[in-house]
Trainee: 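Let me begin by handing over the structure; questions about it come next.
Owing to the predicted nature of the structure, the values given are computational and were not obtained by experimental measurement.
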Amino acid sequence: MNEYFNFSKFIQKSFRYNKRIVFIVVGLSMIFSLGVWFTSKSYYDNLTKEKFETNVLENLDRIEKRMSSYKSVLQSGIGFFHGSTNVTRQEWHDFIDALDIKKNYPGIQGIGYSVMLSPDEVKSTELKMRKEGFADFVVKPAGKREQYSAILYLEPLDIRNQQAIGYDMFSEPVRRTAMQTAIDTGLPSISGKVTLVQEIDADVQAGMLMYLPLYKKDVSIKTVQERRQALIGFVYSAFRMNDLMNKLVLEKSILNFEIYDGDDMSDEHLLYRSFKPSSYISKYNVEKKLTIDNRTWIVRLSSTRQFDISAQNYYPLIMTIIGLVIYFILLFVILTLIKSRHLLLAQADELLKLSQAIEQSPSSIIIIDTNGVIEYVNLAFLECIGISREEVIGKDLCSFQDCKSKPNRYTEMMQVLSSGEPWEGEIFNLNKDQLEHVESVKASPIFQLDKKVFHYIIIKEDITEKKYSEEKIHHLANFDSLTGLPNRFQLEELTNYVINTSKRDNEQFAIMFLDLDHFKDINDTLGHSVGDSLLIELARRFESVLRDVDTASRLGGDEFIFLLPKTDVNGVKKVADKLLETIDKPFKIDDNELIVTASIGIAVYPDDGTDQETLAKNADTAMYMAKKEGRNKYYFYANLVQKDLTRNLQLSNALHHAVALNELHLEYQPQISLCDGSTVGAEALLRWEHPTLGSIPPAEFIPLAENSGLILSIGEWVLREAISQAYKWTKDDPSPFIIAVNISSIQFRHPNFLEMLTKILQEVGLSSQHLELELTEAVAMHSYDVMDSLYERRIRMSIDDFGTGYSSLSYLKKLKVSKLKIDQSFIQDIWTDPEDKAIVSAIIGMANSLGISTIAEGVETSEQLNYLREQGCNEVQGFYFSKPLRAKEFETFLKINRKLQKIEIAQE
């Protein structure tokens, strides 16, 4: 007590005699302390802001990665469909069950398959589904539409997902927009905000869907039109946004989330909100745009009350107060370090917590010295390897080296750590049960205060199940599920790689397209299981014949493609011979002995193509030539090209003499009026009958005539012959009659064309009103002057194959044409194809509005005829009435069939 009293008196006395010094030191200490406070406060505020931004980026990255993994699941579903001839409901259930989506892909409401249906297919689909056990199955909602996309498969088939079976997703605009985007791009597409059909209780959540189109196998899907025509249906997944985001971010995030669909941040477009609205104002807020495939989300993130409280840091104030206290103490006494008992206990408690956290961590944690000697391991490591701590401590880390990784894996890690850098990688090891498992390893150096490394810490996590799931998805996406051979996607990657290396090294390689002969007969007679077993055995035989660098791939069905790097023509012949030889050996499948053959087409880089698509297409073309020439053989695309060149040369030589030798003749196809059924004209069609080569198709010899310049003389002969014949038919018959002649672009643009045509009309004596020249859209677009001159001479002109070119209203107004001929490609499926119906209806309507008549070619059925009559088409021609006829046969048709044709059409 006396000591305390004396010390107090000493302080009072010191203050009394050093008052000026006291105030100076106090003032300086206040200024210094305020500076420390402002500096430290700014520092910790920035740390808090960085922590908030880091959390924002981590959560956005987590969302993007999870959505990417969902796309991979859909892609594996597409691969599953392409790898099977017919995916049953049970197979789809087993496939989704194997993915274990609740564990590996939480948040997915379900993964399903919807099929595209026309109105005629709805009834049969409903009956089929009822036979499969869905007694009340109907396509819903009710109503007739042009297209349906009904959900047939949806797993897991819980009580919610059962509500969606049969739902037509194409009936709802938001879903249909996303589906059409997927169809046209061939890529995954995400819908806008919707309410899922699965919402059956009071907890109605915002929803969205992800679609991936399923196209027909072995067809081209380069263009939007090709993708639309090849569409079968969709593999899709449905998401309830609260369930999805609660699994994805809520459990791990200390931030508030709001996600809006598109740029409109109103409640109407709100997809997800992780909190209940309140009056609390967050300290940190940010809005981010997140683009997932075709959709853009606005994500508003704000700090929670918990985050803001944790971010409050009193350390700057504490530092200031401590600084002041220290300065006051320095003023009066010599600072003495006093170790406080409660401070030591607090530090000991923190150390204990840290020690327990490391010891009880589920990840294996190891601390070693710089020589690799183990100084500490936690319980997780001991449980993994199954030995005691005493058996581990003091041992070299290499004593527990992995069994499958490269021998220098640990050496590599130690080298990196010794340089002061962290190391990260994957290692294969055996656990205590001698089972192989994969570990994700992160190792970091531990530094002393002088920045010297004195220990290393290693953290291991078992990622075996994760790697297994990734490998399974990768295998489904890249390998055929039946044979295990690489699929189309894997083959394209390998082919592009071989193209690059062959181009660099100036080497050849070959693509072989193999198709079994009459494989369908095996499936139809013995069943698909026998056919599948045959394909599996074939794949095994293929691999026994090929080199290690060669690749055998299954495209689907009985089609295989082989990639043979560094192989010339002689080498590929040997491989083809071996393949045909091994296929020729009998197959023993169950109790059946099967004898099969194959046809092979071969394309060689770079002579037959320099890209993957061209090589595959040419090999496919050569394969069909092998089938055409008897099957059970191989055919080189180069031989096919040479064969075409030889035939073209032969035809070109023969064409020079065709007119002189009377090998050319005209046939006439009647043109019928839909008004009264009368024959109002005929189209003159050029034919070539060679004495040895037989009948040569116009599509083959007309291009040769144009390229050789013979089209001018042949075209003049055609005009003279057709005009002469028309004169014979009209000179004594007052009935309206028009002869239509196709004109080549080369002939039409020749400077003497008008003079030549006028001369023929004058010499023959045919009135120009009986002649009609058929021109393509491309020719008419660039020949306004010539057409004006023909119009002045009262010579009719029509646009042939209308609808396949420009089909523009603006250019039709400039052209003085009297008729549009609707191309037969639109007529063929007009009774069943909605698009063809719409095109034909639009052409007729456009022509009527301009005062131009229409004629449809290729009419073969009464249904086509009735539809054209209903739409107001003026004239028709086609096999429904008559095939093209020789002149004498046509005269008979005119005399006998005109009245009969009138009666037949009237009765219909």
Trainee: Keeping Asp505 on the side-chain end and Glu507 on the backbone end, is there a donor-acceptor pair under 3.5 Å?
Mentor: no
Trainee: Any idea how Phe701 and Trp688 line up, ring-wise: parallel (<30°), tilted (30 to 60°), or perpendicular (>60°)?
Mentor: perpendicular
Trainee: For Lys837, enumerate each residue passing the side-chain contact (heavy atoms from CB on, under 4.5 Å) test, keeping only those at least two apart in sequence or located in another chain.
Mentor: Ile830, Tyr867
Trainee: Residues in side chain to side chain donor-acceptor pair (under 3.5 Å) with Asn632, at least two apart?
Mentor: none
Trainee: Classify the ring geometry between Trp92 and Phe95 as parallel (under 30°), tilted (30 to 60°) or perpendicular (over 60°).
Mentor: tilted
Trainee: Throw together a table of side-chain donor-acceptor distances under 3.5 angstrom for residues 116-123, partners on residues two or more places apart or in other chains.
Mentor:
from, atom 1, to, atom 2, distance (Å)
Ser118, OG, Glu121, OE1, 3.4
Glu121, OE1, Ser118, N, 2.9

Trainee: What residue pairs, at least two apart or across chains, pass side chain to side chain donor-acceptor pair (under 3.5 Å) with a residue in residues 176-185?
Mentor: Asp184-Arg228
Trainee: Could you list the residues that satisfy ring-ring contact (aromatic ring centres under 6.0 Å, His included) with Tyr167, not counting sequence neighbours?
Mentor: none
Trainee: Taking all heavy atoms of Asn161 and all of Pro156, pick out the closest pair and write down the distance.
Mentor: ND2-O, 2.6 Å
Trainee: Which residues pass the ring-ring contact (aromatic ring centres under 6.0 Å, His included) test with Phe513, sequence neighbours left out?
Mentor: none
Trainee: Identify all side-chain donor-acceptor contacts of residues 547-564 below 3.5 Å with residues at least two apart in sequence or on another chain.
Mentor:
from, atom 1, to, atom 2, distance (Å)
Arg547, NE, Asp550, OD1, 3.1
Arg547, NE, Asp550, OD2, 3.0
Arg547, NH2, Asp550, OD1, 2.7
Arg547, NH2, Pro565, O, 2.7
Arg547, NH2, Thr567, OG1, 2.9
Asp550, OD2, Arg547, N, 3.0
Ser553, OG, Pro486, O, 2.7
Ser553, OG, Asn487, O, 3.4
Arg554, NE, Gly557, O, 3.1
Arg554, NH1, Asp480, OD1, 3.0
Arg554, NH1, Asp480, OD2, 3.0
Arg554, NH2, Gly557, O, 3.2

Trainee: Partners of Asp293 by salt bridge (charged side-chain N to carboxylate O under 4.0 Å, His left out), sequence neighbours excluded?
Mentor: Lys71
Trainee: Side chain of Glu172, backbone of Arg175: donor and acceptor closer than 3.5 Å?
Mentor: yes
Trainee: Please identify each residue that fulfils side chain to side chain donor-acceptor pair (under 3.5 Å) with Ser220, with sequence neighbours left out.
Mentor: Glu226
Trainee: Please output the side-chain donor-acceptor pairs of residues 578-599 that fall under 3.5 Å, not counting sequence neighbours, one pair per line with the distance.
Mentor:
from, atom 1, to, atom 2, distance (Å)
Asn592, ND2, Ile589, O, 3.4
Thr597, OG1, Asp517, OD2, 2.8
Ser599, OG, Asp517, OD1, 2.8

Trainee: Going by the rule ring-ring contact (aromatic ring centres under 6.0 Å, His included), which residues pair with Tyr148 if we only count those two or more places apart in sequence or in a different chain?
Mentor: none
Trainee: Is the side chain of Glu629 donor-acceptor paired with the backbone N or O of Ala626 at a distance under 3.5 Å, no angle test?
Mentor: no
Trainee: Please name all residues satisfying side chain to side chain donor-acceptor pair (under 3.5 Å) with Glu155, sequence neighbours left out, ordered by chain then number.
Mentor: His93
